[in-house]
Student: 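After the structure tokens below, expect a handful of questions from me.
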Amino acid sequence: MSLLALSDVTIRYGRLTAVRNVALTLAEGEVLFITGPNGAGKSSLLRAIAGVTPPAGGRIDFADHDITGRAPEDIARLGLSMVPEGRDVFASLTIEENLMVGAGMHVKESNWRARVTNALEEVYETFPILRDRRHAQAGLLSGGQQQMLVIGRALMTNPRLVAIDEPSLGLAPNITDQVYERLIALQGQRKLTLLIVEQSSTRAMMVGGRMILMRGGEVLIDGDARAMGQSEAMQAAYFGYGEH
Amino acid sequence: MAKRTSIAGRTIATPLILSALLLAFALLAVMVGSKPFNQTIIDIFLRVILVVGLYVFVGNSGVISFGHIGFTCLGAYAAAWLTMPPMMKQTLLPGLPDWLIALQLPYWAGAILAALWAALWAGIFGKVLMRLSGIAASIATFAMLAMINTIYSNWEDVTGATSSVVGIPILRSIWPFLIAAILAVFIAWGHAISRTGLALRAARDEPTAASASGIDLPRERLIAFIVSGAIMGMGGALFAHSIGVVTPDTFYLGLTFITLSMLVVGGMGSLSGAVLGVLILSSLIQALRWLEAGVSIGTSTFAIPNGVQEIALGIVMVAILAFRSAGIMGNRELGWPKARPVAPATTGQQQPELNKGVSK
Amino acid sequence: MSAILQILFDALSLGSLYALGALGIALIFGVMRLVNFAHGDVIAFSIFALLWPSVDVVARVGAGNLPWFLLIPFVLAVGAGLSVLAELTVFRRFRNASPATMMIASFALGFVIRYFLLMLYSSRPKSISLLPALSQPVEILGARIPLLQVITILATVAILFGLTSFLRRTRFGLEMRAAAENFTMARMLGVRANRVIMGAFALSGALAAAIGLILGSQTGTADIQMGANVMLMAFIATVIGGLGSLPGAVIAGFLLGAASVVMQVTLPIDARPFRDAFVYGAVIAILIVRPQGLLSGRGTKERV
Amino acid sequence: QDDRVVVGFATAESGFMQAYDKPAQDAAMIRIKEINEAGGLLGKQIEVVNADTKTDRAEGAKAGLTVIDEGADLVVVSCDYDFGAPAALAAESQGLVSFFLCAESIKAGIQGVGPHSFSASVLAAVQGATMAQWAYEKKGARNFYRLLDTWTEYNKGICDGFDWAMPQLSEAKLVGEDTFKNEDASIAAQITRIKSLPEEPDAIMLCTMMPGAVSAIKQIRAAGINSMILNGSAVDGSYWLSAVPDLSNFFVPVQGSVYGDDPNADVTTFNAKYKETTGGDPSTQYTYPGYVMIDVWAKAVERAGTTEAGAVVAELEKMNEEPTLFGPRTFTPELHHQNKARYLIVETTGGKPAVVDEWTIAEPIPVAELMK
Amino acid sequence: MQRLGADKVTVAFEGLTALSEVDLEVSPGQIVGLIGPNGAGKTTLVNVLTGFQAPTGGAVSLGGTVLSGLKPHEIRRQGVARTFQGGRLFRDLPVIDNLEVTGIGLGQSRRAAIAEAERMLDWVGIGALADRIAGTLPYTDERRVAIGRALMGKPAFVLLDEPAAGMSAAEAADLAALIRRIAGEMGCGVLLIEHNVGLVLDLCDPIAVLDSGAIIETGAPAAIRASEKVRHAYMGTAADSDLPVLEVME
Ligand SMILES: Nc1ncnc2c1ncn2[C@@H]1O[C@H](COP(=O)(O)OP(=O)(O)OP(=O)(O)O)[C@@H](O)[C@H]1O
Ligand SMILES: Nc1ncnc2c1ncn2[C@@H]1O[C@H](COP(=O)(O)OP(=O)(O)OP(=O)(O)O)[C@@H](O)[C@H]1O
Ligand SMILES: CC(C)C[C@H](N)C(=O)O
Ligand SMILES: [Mg+2]
Ligand SMILES: [Mg+2]
């Protein structure tokens, strides 16, 4: 049984079709990289899954629910946590408050408090800098620190699936390593499912897992990340981009 | 790449079309030939002047000003001081300096001086206020308006305080108002395509990047403030001549909000929006009035509850904004129809039906 | 001595009115970047709801005859209800609009409320006797202060503390502030942002109604314009207090009240009519010195 | 043109002025109906046309032009000078007679609008002067406090009249003065100033109008100040008294009483007639000038034998102590307003207003004084 | 020769020292790299150099003149340009106008500014995008617009804050070529901040490494690559990964 299933999804902005009839399934615990050149529709696809930009056509199922056109908060409550492109920190809230927003929705559970403390602790362990500045205003953080914060925050919701748009954006190489280590660890421990958009296929090839390549709003290739790294089709897809 | 024609040449269509539109309104008034209708059109032209004046600053800088009607007030009183018969001034405004009491200028000279007077004060206030941005700037401009209003409402000898100052020559001809409105449109256009105008529009959403581009933001804003202050002052002068009385309260919150509403409903970032906002909302108001009057003919006057038309106006405004949050024109300008591709906007809604005849 | 005390109380009670208004405005501004110009009309509406619709000169009292323990909740509920209704029917559609657009929409909405009231009640201010017991003076340290003033001041302080700790310490408060900052992101984190915002509107509406109650009992008048002046001062207080800072808004509200009272007391008679010009001059001066407001709310400075 | 007699009302049918314009206009309509029933004016039925000013000055100018376009011989404009002036100026520029329904500023006439403009009411200054003299003579008031709401010319007019009367009252003393604004939510600071006087003044001359007046009165009483409160006519009416329960020691000058106790029985008859046509009692004395206006204008037209403005103005200016239902009226080529008038004094005791006296200032207030 | 230099620049925020006594120099035609962990103070240094942040200690100078205390637009007019970490284009304006604005800020007439903007767009390789509304551009193109905007009026120095973030390897390679031309053809001094270590190692000499507000190492690429300190503080797997950091770069 797949956790996430897209069938025939199309996304439009006015007259522009950003994503065209995409079908895709993702099993629980799977790691999927989406790569592709600029404007391929990767971010749009993620936004549609998260319910931010409802698709113009097609259907999206998540955790046994049809979530097509559902509100983002409902989808989040089903266990999908999305880190959008660009750093959407709550600039005027402190770091800890930012993290707590993500933890808010399970408040009715009995062991909520303990779980939140635990989750906070885990985030701080991954990104010690956040602990040091837990009471600092998030908007004042450096670019990379904000990126750490949003990734940490996404994990606070105790999700089943994390969708991250360009996690390495603005991160120092060693921090990028840590982010991936953490994600892979979670995937191992909790069967967390990962959906990661990266412009560059380098990371996918290092981490392994499944990878799809999008271009012009369509999925061109779907296969094993490491194998694809070498493939000619891949190279061609990228170079084809030069013409705009 | 194709050689670009001059900026003026590329954009001149906008003021020309707008002027033609205004001329059409004036001709309509002449054809109908009724005094009240003539006055209605005069009113519309006055609002065009004020809203266009507001656009010069608000539209280009993105800073909402609640203060511009203060300049209208300055202009209106300046016109009163300059054009009333000395006899009237002697009795009503004895605190004026003797030379001013003795002076009586024709209305157009008064209007020009009124514009300069308002511009002078825009310069003085602007020097202080233009350091602010965002909502702080808006509040500061409101404080400026309130100061002007308080002073003019109480400076008995010079402004007649809250009492209406009468004796201002009344203009019933539509042409001076038309000419002034067209003049305002051309000034606004000239400013918008000037270096200052472009710099301001760039800085509107990205002040940080603008200063990294060498733009001296307070200075550019000050220029716009002064130009718009002058237009508002001219509008005030003509306002005075249109009804023959001035009081400070005429130039306070009511007029501030109606002009701001027209600008925003029309499309804050667009000169065409400023003009169309006035024309459309004013026509709507007038139509609602006729509807109301039409219903009341024959039956007794108090059969119809007051305020229905205002309620309708409010609802229409909300509705327009709900469907076009950037206003009727958005950021676009009227232009000659041409097939220029319009890139999809990242935010805001698509406006396909306007694409014809509209160019950026 | 007692004269000074008296002036202090005058300043505090006028300041509380502005402060209460500022709280209601700051709350909505915080949540939606909306300068809610309909706030003043909510104030008026809450009070008119106590009267039966009638264009007669004499007010026909309806719910206004309720005993105080029913009357106060009734008025607060009217304010909250109207505010929520405004959110549902109007402001919800403007979540992504520019501040200018929202401001004009709120102005248009206020216009509709105002003329609706005019239609029902005509333009003549209505006289009402609201909570007459509050018009009695009480003795405090030798100064005779109307009971209403004392209650107003105490209520304002209580509301400020209640509200601040509500926003600081509760999940709802946190979610509200998060939704204020970035609506979509908050939703993606599972925040039921629409409900949260509705909550903010309800609070703000209840605050407006509270002002209406105070104004109504103080002036004995239900006037379509009654909220306008307070609303303007409150708006100013919100900004000079530091956007997003509730304590800032309240402090600024008190300051404005105090400035107004002190100038009234100290200016020579000929200058007194110009009092407001001095007050507004001071506002400009404060803004120039501290454009981010007295207590700059967190998040108001943007880093490059 | 001469086959019709048209009265044009460029008045507020909505907005804040409507509260004043509507009753006065209703009263005017009663007089018009009476005249029409008695055979009309110059043998013709008076026709009426209306245009709404919406309590807006620019709309006022339009409304004026509208009724003029429809052939008005007399242009009736809003009660208040500020709101009526644009329409009156429109009439003036067409050489037509204009009448303010109940404006009480001297500028509602020759001194402001021009030689064809009149007001049907009495100058505000007369109200202030009347109250000062009456309180001094009849109530023994000696220490006066002056509290001015700077909002309108009307308010200032009352205090001007008070200022004019004071020096003539040999023992009267002004123990303090202050200003406020009608829209002020609180006048606590002003009240504190009164309370810090060594002793409570005998009388407070309160120069204000609705809606701020209620608030000011209520706050004064809530602060425990029990001095006499003297006012202008603007606060006449019992409709607001519920706001200040048990109000006492409160005095208002009126041209006629709406409380059913006018010494002139004809006024009571008029009140009944008013109720018959409009369904309600007159709520304030500002109803009456509307009736007076048509009355004096119609008389002038009859005497002139024409509605032509010059002749009508000349006839009006000949009126000296012309009796009307609400006291005598005088117009001269210098003044188209009343600078002296008989006023009834209404005292409110325990929340009940009643006519207690009648007063006419000894001499008219000089025009020069009014133009200061 | 005019140099842009930071001399003992210190920036202290409440409870945090973002930069302490940092020295840095850039000469015309040189490409200086600035790397370091997140929050090291790189952007803050650029802010100080361009007048967006007043240093609490030290000074910035250009040739003989002291820049500290000048407003950002004044510094820009002195010939020190920058880009921003977040792009910050004038999103509602067409691409061409984005560049033109800088021309205007530098005192050019509109006509002259447009002419230069057209040439500049071609120079950075996006001439075809002149009439696109900037806010609708894909990421990579946004970066080029930002760089083109910074290059208007041929500044003596340009400071690039993470220009390659979010770019694929191929795109980064194109960008690298562009940066070389900026230094070579234009003779501009470049300060490059990047987390794409491959790009920096390839382009820059010298490279400065900032950590916790202090320069911990300066030197040629080889030295930086070899430095244990840098590896520890910053590089992580990037340093020893077999995979080419820039896949398609020769
Ligand atoms: N809000 C929007 N309005 C209009 N067009 C949009 C919008 N968002 C994206 N697009 C367009 O849709 C297409 C797909 O964009 P999307 O952001 O999904 O691509 P992407 O693969 O994530 O690219 P990148 O690598 O730059 O992040 C692009 O052509 C883009 O310009
Ligand atoms: N205005 C400010 N107030 C408080 N702290 C600030 C401010 N600006 C920056 N900081 C802090 O200073 C430190 C340096 O930030 P800076 O943005 O310079 O880092 P950076 O090296 O550019 O990092 P990145 O690679 O993540 O962009 C960070 O810890 C940041 O939180
Ligand atoms: C509304 C009334 C109190 C107006 C007053 N009669 C005046 O002259 O303005
Ligand atoms: Mg993307
Ligand atoms: Mg940085």
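Below, read A as the first sequence line, B as the second, and so on, with proteins coming before strands; counting in each chain starts at 1.
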Student: Rounded to the nearest 0.5 Å, how far apart are CG of C:D270 and CG of B:N154?
Tutor: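 It is 11.0 Å, given to the nearest 0.5 Å.
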Student: Select one option (side chain, backbone, both, neither) describing which atoms of C:F235 are under 4.5 Å from chain B's heavy atoms.
Tutor: both
Student: Counting only heavy atoms not in C:F274 (residues, nucleotides, ligands), do more than 12 fall under 6.0 Å from its CZ?
Tutor: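 Yes.
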Student: List the steps and the verdict of side chain to side chain contact (heavy atoms under 4.5 Å, CB included) for C:M103 and B:L260.
Tutor: CA-CA 10 Å; C:M103 188 186 84; B:L260 267 179; 4.1 Å; yes
Student: Is there a side-chain contact between B:V318 and C:F91 (heavy atoms, below 4.5 Å)?
Tutor: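 B:V318 vs C:F91: side chains apart.
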Student: In terms of heavy-atom proximity below 4.5 Å to chain C, should B:I151 be classed as side chain, backbone, both, or neither?
Tutor: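 Both the backbone and the side chain of B:I151 come within 4.5 Å of chain C.
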Student: Drop me the distance from B:I139's CD1 to C:T238's OG1, to the nearest 0.5 angstrom.
Tutor: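 Between atom CD1 of B:I139 and atom OG1 of C:T238 there are 7.5 Å.
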Student: By a 4.5 Å heavy-atom criterion (distance strictly below it), what part of B:F66 contacts chain C: side chain, backbone, both, or neither?
Tutor: side chain
Student: Of the backbone (N, CA, C, O) and the side chain (C-beta and beyond), which part of B:V128 lies under 4.5 Å from a heavy atom of chain C, both, or neither?
Tutor: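 Looking at B:V128, backbone and side chain both touch chain C.
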Student: Check whether C:V279 gets within reach of chain B through its side chain, its backbone, both or neither, counting any heavy atom under 4.5 Å.
Tutor: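 Interface part for C:V279: neither.
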Student: Please determine whether side chain to side chain contact (heavy atoms under 4.5 Å, CB included) holds for the pair C:F111 and B:F257, giving the CA-CA distance in whole Å, both sets of side-chain angles, and the decisive distance to 0.1 Å.
Tutor: CA-CA 11 Å; C:F111 202 69; B:F257 277 114; over 6 Å; no
Student: Quick one: pull up OH in C:Y115 and CG in B:L313 and give me the separation to the nearest 0.5 Å.
Tutor: 9.5 Å
Student: Looking at OG of C:S98 and CG of B:L321, how far apart are the two atoms once the value is rounded to the nearest 0.5 Å?
Tutor: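 Taking OG in C:S98 and CG in B:L321, the distance rounds to 9.0 Å.
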Student: In terms of heavy-atom proximity below 4.5 Å to chain B, should C:L232 be classed as side chain, backbone, both, or neither?
Tutor: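 Side chain only.
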Student: Mind listing the closest non-hydrogen atom pair of B:L132 and C:L287 along with its distance?
Tutor: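 Reported closest heavy-atom pair: CD2-O, 3.4 Å.
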Student: Rounded to the nearest 0.5 Å, what separates atom CD1 in B:I320 from atom OG1 in C:T101?
Tutor: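 So the CD1 of B:I320 and the OG1 of C:T101 are separated by 12.0 Å.
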Student: Taking all non-hydrogen atoms of both residues, which atom of C:R93 and which atom of B:A322 are closest, and how far apart?
Tutor: CD-CB, 4.0 Å
Student: Of all the heavy-atom pairs spanning C:A100 and B:M268, show the shortest one and how long it is.
Tutor: CB-SD, 3.6 Å
Student: Taking side chain as everything from C-beta outward and backbone as N, CA, C, O, which of these in C:F107 sits under 4.5 Å from a heavy atom of chain B? Side chain, backbone, both or neither.
Tutor: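 Just its side chain gets close to chain B.
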Student: Just so I understand: if I count every heavy-atom pair under 4.5 Å between each of B:A212, B:A161, B:A140 and chain C, which residue has the most?
Tutor: B:A140
Student: Just by modelled atom types, is the B:T150 backbone N or O under 3.5 Å from a matching donor or acceptor in the C:D276 side chain?
Tutor: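 The answer is no, because no donor-acceptor pair under 3.5 Å joins these two groups.
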Student: Is C:F94 in contact with chain B via its backbone, its side chain, both, or neither, using a 4.5 Å heavy-atom distance?
Tutor: side chain
Student: Kindly give the heavy-atom pair with the smallest separation between B:S325 and C:A97, and that separation in Å.
Tutor: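 For B:S325 and C:A97, the tightest heavy-atom pair comes out as CB-CB, 3.9 Å.
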Student: I'd like to know whether CZ of B:R219 has more than 12 heavy-atom contacts from other residues, nucleotides or ligands below 6.0 angstrom.
Tutor: no
Student: Looking only at non-hydrogen atoms, find the nearest pair between C:V239 and B:A136 and report the distance.
Tutor: CG1-CA, 4.0 Å
Student: Give the minimum heavy-atom separation between B:G314 and C:A108, together with the two atoms involved.
Tutor: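 What the structure gives for the nearest pair is O-CB, 3.7 Å.
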Student: In terms of relative ring orientation, are C:Y280 and B:F142 parallel, tilted or perpendicular, with 30° and 60° separating the classes?
Tutor: perpendicular
Student: Shorter than 4.5 Å, heavy atoms on both sides: which option in B:S261, B:S153, B:G134, B:S133 has the most such pairs with chain C?
Tutor: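 Ranked by heavy-atom pairs under 4.5 Å with chain C, first place is B:S261.
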